[in-house]
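Start at 1 with the first residue, then count along the sequence. This one's a predicted model, so the numbers in the text were calculated from it and none came from an experiment.
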Amino acid sequence: QVQLVESGGGLAQPGGSLRLSCVASGSMFSINVMGWYRQAPGKQRELVATIASGGSANYSDSVSGRFTISRDNAKNTVYLLMNNLKPEDTAVYYCNAHIVRLTTWRTYIYWGQGTQVTVSS
C-alpha cells in the first residue's frame, strides 16, 4: 500500500506565502516524477508544477516565477513554496507521484487527498 499525505494548506492574504508538503509512504522501490496539481471550484484539475527525481522542474505559466517545487528524495517528500499568492490561486492542491512498487516493479500514479489553499484579504 502506498499513500501520499499533504499538509501546509490554509488561508493566506494576497501577496503572502504558503508552503505545501507531501510525504509518500508504503511499499516503494523508487519515486520518479512528483508534482502538484490544483482544482478550483467549477474548474478542471490543472498542472501546477512537476519535478523529476534528478531535480529538473517544470511550471505552469500561471505560477512560474512565484512558486518553487523541490523534493527531498531521502524523505520521499515533495514541497511547493508559493510566494506572492493571488486570489486566483485559491484551489484544492493535490500531490501526485509516479511510484515503482516493490511488489510488482511496475509504475503506478498516486494522488494525495488534497489540501485547501485560500487566498483572500
S.K.: Could you list all the side chain to side chain donor-acceptor pair (under 3.5 Å) pairs where at least one residue sits in residues 10-33, not counting sequence neighbours?
M.R.: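 Sorted result for residues 10-33: S17-N83.
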
S.K.: Tell me, do W36 and I69 make a side-chain contact under 4.5 Å, heavy atoms counted?
M.R.: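 Contact flag for W36/I69 side chains = yes.
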
S.K.: Taking only residues two or more places apart in sequence, or in another chain, which ones meet N58 in a side chain to side chain contact (heavy atoms under 4.5 Å, CB included)?
M.R.: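 N58 satisfies side chain to side chain contact (heavy atoms under 4.5 Å, CB included) with T50 once adjacent residues are dropped.
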
S.K.: Cluster question for you: counting only ILVMFWY and a side-chain heavy-atom cut-off of under 4.5 Å, with indirect links fine, are Y110 and V48 together?
M.R.: yes

S.K.: Can you list every pair that meets salt bridge (charged side-chain N to carboxylate O under 4.0 Å, His left out) and has a residue in residues 77-89, with sequence neighbours left out?
M.R.: R38-D89, R66-D89

S.K.: Report whether L47 and L80 are members of the same hydrophobic cluster (ILVMFWY, side-chain heavy atoms less than 4.5 Å apart, transitive linking).
M.R.: no

S.K.: Residues two or more places apart in sequence or in another chain: which of them pass ring pair (Phe, Tyr, Trp, His ring centres under 6.0 Å) with Y37?
M.R.: W111

S.K.: State, with a plain yes or no, whether a side-chain heavy atom of Y79 is found less than 4.5 Å away from one of L20.
M.R.: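 The answer is no, as the side chains (C-beta and beyond) never meet within the 4.5 Å cut-off.
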
S.K.: I want to check something: taking the side chain as every heavy atom from C-beta on, are F67 and L85 in contact at a cut-off of under 4.5 Å?
M.R.: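 Side-chain contact under 4.5 Å: yes.
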
S.K.: Going by the rule side chain to side chain contact (heavy atoms under 4.5 Å, CB included), which residues pair with F29 if we only count those two or more places apart in sequence or in a different chain?
M.R.: V100, L102, W105

S.K.: By the disulfide bond (SG atoms under 2.5 Å apart) test, which pairs, at least two apart or in different chains, include something from residues 24-79?
M.R.: none

S.K.: Sub-3.5 Å donor-acceptor pair from the side chain of T77 to the main-chain atoms of K75, do we have one?
M.R.: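 Yes; at least one donor-acceptor contact below 3.5 Å.
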
S.K.: Taking only residues two or more places apart in sequence or in another chain, which ones pass side chain to side chain contact (heavy atoms under 4.5 Å, CB included) with A24?
M.R.: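 Here the qualifying residues are L4, M28, I31, N76, I99.
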
S.K.: Using a cut-off of 6.0 Å, state whether more than 12 heavy atoms not belonging to Q3 lie near its atom CD.
M.R.: no

S.K.: Looking at residues at least two apart in the chain, or sitting in another chain, which of them share a side chain to side chain contact (heavy atoms under 4.5 Å, CB included) with N73?
M.R.: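 Side chain to side chain contact (heavy atoms under 4.5 Å, CB included) check on N73 returns R71.
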
S.K.: Could you list the cluster mates of V33? Members are the ILVMFWY residues connected by side-chain heavy atoms closer than 4.5 Å, either directly or through other members.
M.R.: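 Its cluster mates, by chain and number: none.
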
S.K.: How would you list all residue pairs meeting salt bridge (charged side-chain N to carboxylate O under 4.0 Å, His left out) that involve residues 109-119, not counting sequence neighbours?
M.R.: none

S.K.: Please list, one pair per line, the donor and acceptor atoms closer than 3.5 Å that link side chains of residues 114-121 to other protein atoms, with sequence neighbours excluded.
M.R.:
| unit_1 | atom_1 | unit_2 | atom_2 | d |
| --- | --- | --- | --- | --- |
| T115 | OG1 | G9 | N | 3.3 |
| Q116 | NE2 | A91 | O | 3.4 |
| Q116 | NE2 | T118 | OG1 | 3.3 |

S.K.: With a 4.5 Å cut-off on side-chain heavy atoms, are E6 and Y93 touching?
M.R.: no

S.K.: Can you tell me which residue pairs pass the disulfide bond (SG atoms under 2.5 Å apart) test with a partner in residues 87-121, sequence neighbours excluded?
M.R.: C22-C95

S.K.: Any heavy-atom pair between the side chains of Y94 and V92 that's under 4.5 Å?
M.R.: yes

